[in-house]
Trainee: 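Submitted below is the structure of interest, expressed as structure tokens.
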Amino acid sequence: MKITFSIEYNTRWGETISLRLGGRKYPMNWEDGGLWSITLEAGPDDLKDYGYLLMRDGLIGRVEWTSHSADVPAGRKSMKIHDRWIDCPFPGSPFIRSHQVPDFDKPGFKAAGLAVPVFSLRTAGDFGIGELSDLIPLTDWAASVGLKIIQLLPVTDTTRHGGWEDSYPYGPASSFALHPLYVNLSKLGVRFTPRVKKLQDDLNALAEIDYPRVFKEKMALIRKAYEEHGADDCALDAFRKFDGENGPIWLEEYAGFCAERDGDSPLFWKWIQYHLDLQFTEAVKHARRKGVHFKGDLPIGVSADSADARFHPEFFNLDSYAGAPPDFFSTEGQCWGFPTYNWDEMARDDYAWWKARLRHMSKYFDAFRIDHILGFFRIWEIPADSGRGSLGHFNPALPYTEDEIEAMYLPLEGLFLPDPRNKGCWQPRISPDTSGLEWWQKERFDALYDDFFYHRNDSFWRRNAMKKLPELLSATGMLACGEDLGMVPECVSGVMEDLGILSLEMAMMDKGRPWPALSVCATSSHDMETLRMQYANANEGRDMPPEEVYNVLAAHFNSDSMLTINPIQDYLALDAAKRRKDFDSERINMPADSGHHWRYRIHLDIKALAGARKLNAAIRELVRNSGR
């Protein structure tokens with residue numbers, strides 16, 4: 001039906017108003033009296049979530065606090081809607097838009113939480129790896145000690161062939177599908193014969209995950225369950241509803257991709273995703289009832305051999321890999337092995353793929369971590385034929401022409417690399433060889449190097465991020481937190497502050513300023529050493545006493561940061577009787593090792609934490625004393 005939308009807004013010179021509808025934005029027409037209007041074809045579903053945007057110089061300059069909605073009277077073929085701009089209804093909120101958890105928007109809100117990968121959880125009902133259903137007892141424990149946030153690593157499917165390479169959670173085979181290994185077999189209807197029970201006991205007894213073995217055995221049981229009652233499940237109205245809602249967006253592509261890879265039925269993959277959704281949704285509803293909120297992790301990359309790249313190759317630069325320059329985590333830089341994005345192509349439909357991805361996440365998560373938020377400003381791009389992080393370049397960037405470099409009397413060899421996105425132009429090497437330069441050449445190159453990596457591109461990168469991030473954040477009400485560690489240009493903090501994106505703060509990666517209120521502070525991350533490992537390195541291998549762990553956690557709890565989210569290993573370290581004896585085995589990832597096996601598993605049954613009185617008392621005291 002034809003709908004005319006209108007809103008009064010007194011814009012300034014150069015400003016316009018756009019309608020946000022169905023994931024797209026439409027420039028509106030100005031009329032005398034400050035009235036902006038547009039007439040479009042739209043349906044009832046479009047009117048469930050729409051809004052208005054103030055545009056400045058092609059970028060979103062202001063957003064409304066929340067969305068509009070309207071009902072379509074029966075039998076109408078056209079209608080007019082006149083709206084008012086929705087501002088924040090209460091003073092003092094640090095955010096420019098509302099979130100799906102109202103508490104997040106309250107001035108002065110603070111909370112504490114824990115970080116743990118799903119695969120690391122342990123209960124007796126598992127099958128050698130943590131499962132989505134384990135989040136229910138974990139939530140019960142978190143709520144009992146006052147922790148309100150549970151942060152997870154990515155839970156998307158990473159399956160290729162079931163080997164160790166599939167244990168890497170940041171290389172998704174789909175940006176939407178949940179990992180089949182996280183399904184609970186009992187809830188799936190698997191019959192636990194004596195042989196299956198013996199296998200379960202053997203796998204659960206392992207100190208760490210044997211990923212290839214778990215994959216082989218668990219997937220075989222999943223397939224058998226599908227053979228036994230999959231057809232009945234797929235005939236259910238609930239399954240048809242799930243298929244109808246997700247099929248056109250991602251499920252058809254994913255199921256077809258997996259079936260082509262493994263030579264089986266697409267319906268099998270739809271069926272397992274249906275059950276994963278049921279189990280995750282159950283855990284999410286339980287957590288929200290308890291006042292606990294899941295925080296997800298949005299990987300910056302998507303693998304070249306993924307369903308996304310298979311069906312949407314135009315969205316990716318398949319001739320390059322994303323990575324990171326040499327930094328705190330790796331002296332040689334990192335090559336993550338997935339393609340960079342073709343942002344120009346993604347912009348053609350207002351980033352519809354990204355918005356669908358985020359809306360799907362928001363079913364399960366109330367907050368999310370933007371992995372490597374720098375990738376929305378610029379990415380460290382590595383030619384696919386080199387694979388070395390130290391041979392990368394920024395994309396996009398403002399490179400130098402050969403004439404500019406010659407005018408500075410600097411040689412290309414050893415100092416610059418060609419910019420493949422700008423023919424005939426060059427970027428400074430991240431690890432240049434200046435040994436053969438004259439003193440004045442070295443001074444000149446050092447000044448150029450500092451300018452290029454920290455100043456020259458700053459406003460360019462800011463505008464690049466502002467093209468994307470406001471669009472993506474408007475797609476959901478999740479609280480956004482950005483991983484902004486490493487070589488960070490000056491523009492990043494300003495953009496994050498303007499958009500209400502929480503920064504990440506860690507003592508071991510000090511940014512030279514106090515931790516801001518809009519931040520998440522943490523003792524460490526999955527890429528770093530735990531508190532006990534840090535202490536041992538600084539104290540001749542000695543273990544960190546529980547009281548020292550308490551003091552460090554207390555400093556984080558008493559900080560100005562809105563959230564403090566710390567690894568579960570660091571909480572367990574509060575109790576000498578509950579902590580793992582071998583603390584060196586508690587590190588989850590080694591970023592410098594591209595072939596690292598992700599296999600860490602908590603040594604305790606999560607359900608047993610309910611009886612850990614000393615540990616629980618310490619955490620409750622931290623929460624109580626800090627007002628979190």
Trainee: Is the ring pair Phe416/Phe445 parallel, tilted or perpendicular, if the boundaries are 30 and 60 degrees?
Mentor: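 Perpendicular.
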Trainee: Salt-bridged, Arg421 to Asp319, with N to O below 4.0 Å?
Mentor: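 Counted as a salt bridge, because a side-chain N and a carboxylate O are separated by less than 4.0 Å.
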Trainee: Give the ring-plane orientation class for Tyr364 versus His360, where under 30° counts as parallel, over 60° as perpendicular and anything between as tilted.
Mentor: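 Judged by the thresholds at 30° and 60°, the geometry between Tyr364 and His360 is perpendicular.
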Trainee: Looking at Tyr321 versus Phe338, is the centre-to-centre ring distance below 6.0 Å?
Mentor: no
Trainee: Please output the side-chain donor-acceptor pairs of residues 494-501 that fall under 3.5 Å, not counting sequence neighbours, one pair per line with the distance.
Mentor:
{"from": "Asp498", "atom 1": "OD2", "to": "Arg462", "atom 2": "NH2", "distance (Å)": "2.9"}

Trainee: Report the relative orientation of the aromatic rings in His556 and Trp515; use parallel for angles under 30°, tilted for 30 to 60°, perpendicular for over 60°.
Mentor: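 Aromatic pair His556/Trp515 classed tilted.
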Trainee: Search all heavy atoms of Phe377 against all heavy atoms of Pro396 and return the closest pair with its distance.
Mentor: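 For Phe377 versus Pro396, the nearest heavy atoms are O-CD, 3.9 Å.
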Trainee: Just to verify, what does Phe453 make a ring pair (Phe, Tyr, Trp, His ring centres under 6.0 Å) with, not counting sequence neighbours?
Mentor: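 Scan of Phe453 (ring pair (Phe, Tyr, Trp, His ring centres under 6.0 Å), adjacent residues dropped) gives Phe394, Tyr449.
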Trainee: Assign the ring pair Phe316 / Trp353 to parallel, tilted or perpendicular, where the plane angle (0 to 90°) is split at 30° and 60°.
Mentor: perpendicular
Trainee: Answer with yes or no after comparing the ring centroid distance for Tyr170 and His372 against a 6.0 Å cut-off, counting only values under it.
Mentor: no
Trainee: Considering non-hydrogen atoms only, spot the tightest contact between Val63 and Ile60 and give its length.
Mentor: CG1-CG2, 3.6 Å
Trainee: What are the two closest non-hydrogen atoms of Pro313 and Leu318, and how far apart are they?
Mentor: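 Scanning both residues completely, I find the closest heavy atoms to be CB-CD1, 4.3 Å.
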Trainee: Is the shortest distance from a Lys or Arg side-chain nitrogen in Glu471 or Arg20 to a carboxylate oxygen in the other one below 4.0 Å?
Mentor: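 Salt bridge flag = no for Arg20 with Glu471.
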Trainee: Taking the ring centre of each residue, are Trp380 and Trp336 less than 6.0 Å apart?
Mentor: no
Trainee: Can you name the closest pair of heavy atoms from Ser390 and Ser431 and give their distance?
Mentor: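 Closest approach of Ser390 to Ser431: CB-OG, 4.4 Å.
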Trainee: When the ring planes of Trp598 and His596 are compared, do they come out parallel, tilted or perpendicular, using 30° and 60° as the limits?
Mentor: perpendicular
Trainee: Any carboxylate oxygen within less than 4.0 angstrom of a Lys/Arg side-chain nitrogen, looking at Asp308 and Arg357?
Mentor: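 No, Asp308 and Arg357 are not salt-bridged.
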Trainee: Any side chain to side chain donor-acceptor pair (under 3.5 Å) pairs touching residues 298-307, not counting sequence neighbours?
Mentor: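 Applying side chain to side chain donor-acceptor pair (under 3.5 Å) to every pair that reaches into residues 298-307, excluding sequence neighbours, yields Arg160-Ser303, Arg160-Asp305.
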Trainee: Give me the ring orientation class for His293 and Phe104: parallel if the planes are under 30° apart, tilted from 30 to 60°, perpendicular past 60°.
Mentor: perpendicular
Trainee: With no hydrogens and no angle check, just 3.5 Å: does a side-chain donor-acceptor pair link Thr401 and Asp403?
Mentor: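 Side chains of Thr401 and Asp403: no pair found under 3.5 Å.
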Trainee: Are the side chain of Asp458 and the backbone of Glu490 linked by a donor-acceptor contact shorter than 3.5 Å?
Mentor: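 Yes; at least one donor-acceptor contact below 3.5 Å.
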Trainee: My understanding is that only one of Trp354, Phe315, Phe376 makes a ring pair (Phe, Tyr, Trp, His ring centres under 6.0 Å) with Tyr341; could you say which?
Mentor: Trp354
